[in-house]
Amino acid sequence: MSEVGVAVEKLTEQGLQEVAQYFQALAEPSRLRILNLLRDGEMNVGEITSLCGTTGANVSRHLTMLAKHGLVAREVRGNAAYYRIADPQIYKLCDLVCGSIARRIGEQAAAFS
């Protein structure tokens, strides 16, 4: 599958709404933590829950949101649901944003030194 870039000015109103909802799905630290955990491979809810230190219901709620926006995929095996990253491009976006924030923090620290 090839990457297709679409400039924001070319998006329809519906497209803009979908982009905003996508970013809203990323606007929660717990969901970012879950995405980071899934970098190493698929996990079930119990594994994610134990690593996040929160409740299974909370993790399931976040996974549902991430799946709704196409960030994770779910596969049921027996009585367990396993989650994996559906779109590995999310890590490029996260790394880009994290790098930008790290630079800004470094610049602010240097300014106050």
Side-chain angles (χ1 to χ4, degrees):
M1 181 161 64
S2 66
E3 289 183 48
V4 177
V6 176
V8 71
E9 63 267 11
K10 303 251 188 228
L11 289 174
T12 64
E13 187 60 34
Q14 180 183 352
L16 290 171
Q17 288 293 324
E18 289 185 31
V19 169
Q21 290 173 359
Y22 184 90
F23 280 110
Q24 187 176 20
L26 297 174
E28 162 61 48
S30 294
R31 290 194 280 269
L32 294 173
R33 193 172 298 114
I34 290 168
L35 289 173
N36 196 44
L37 288 172
L38 292 174
R39 269 187 199 252
D40 296 328
E42 70 178 16
M43 293 183 178
N44 64 37
V45 175
E47 293 168 326
I48 296 169
T49 299
S50 68
L51 292 170
C52 283
T54 186
T55 66
N58 195 26
V59 167
S60 291
R61 183 174 56 82
H62 290 308
L63 286 165
T64 297
M65 172 68 87
L66 292 169
K68 175 182 174 184
H69 294 288
L71 296 164
V72 299
R74 179 180 188 257
E75 182 181 338
V76 177
R77 290 188 220 137
N79 61 357
Y82 286 81
Y83 289 85
R84 62 177 166 71
I85 294 301
D87 182 4
Q89 297 297 315
I90 188 60
Y91 295 122
K92 287 183 181 179
L93 175 63
C94 288
D95 291 345
L96 178 70
V97 172
C98 289
S100 178
I101 290 171
R103 278 190 302 281
R104 190 178 74 218
I105 290 171
E107 290 168 1
Q108 289 173 346
F112 290 110
S113 299

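Hydrogens, waters and symmetry mates are skipped; everything else that's a heavy atom, side chains included, is used.
- Cluster annotation: L32 and I48 are assigned to the same hydrophobic cluster (Ile/Leu/Val/Met/Phe/Trp/Tyr, side-chain heavy-atom contacts under 4.5 Å, transitive).
- Residues satisfying the side-chain contact (heavy atoms from CB on, under 4.5 Å) criterion with T64, sequence neighbours excluded, are absent altogether.
- Within the structure, side chain to side chain donor-acceptor pair (under 3.5 Å) contacts touching residues 26-38 (residues at least two apart or in different chains) are E28-S30, R31-H62, N36-R39.
- For residues 69-82, the salt bridge (charged side-chain N to carboxylate O under 4.0 Å, His left out) pairs, not counting sequence neighbours, are E42-R77, E75-R77.
- You'll find the side chain of V97 reaches within 4.5 Å of the side chain of L93, heavy atoms only.
- Here the closest non-hydrogen pair linking T49 and T55 is CG2-C, 3.7 Å.
- A donor-acceptor pair is defined here as one N or O able to donate and one able to accept, closer than 3.5 Å; such a pair exists between the side chain of Y91 and the backbone of L35.
- Side-chain contact between I85 and L71 is absent, with no heavy atoms from C-beta onward closer than 4.5 Å.
- In terms of heavy atoms, A86 sits closest to G70 at CB-O, 3.4 Å.
- Contact annotation: the side chain of V72 never approaches that of D87 to less than 4.5 Å [non-hydrogen atoms, C-beta and beyond].
- In this structure, the side chain of R103 engages the main chain of G99 through a donor-acceptor pair within 3.5 Å.
- Contact annotation: the side chain of I90 approaches that of L26 to within less than 4.5 Å [non-hydrogen atoms, C-beta and beyond].
- Within the 4.5 Å cutoff, side-chain heavy atoms of M43 are placed close to those of L51.
- Judged by distance alone, the side chain of E47 and the main-chain N or O of N44 form a donor-acceptor pair under 3.5 Å.
- Residue Q14 qualifies as open at atom CD: its count of foreign heavy atoms under 6.0 Å is 12 or below.
- With rounding to the nearest 0.5 Å, the separation of CD1 in I34 from SG in C52 is 5.0 Å.
- Atoms CE and CD, on M65 and Q24 in that order, are 6.0 Å from each other to the nearest 0.5 Å.
- Contact check for V45 versus L63: side-chain heavy atoms found under the 4.5 Å cut-off.
- Y22 and L66 fall within a single hydrophobic cluster, where Ile, Leu, Val, Met, Phe, Trp and Tyr side chains are chained together by heavy-atom contacts under 4.5 Å.
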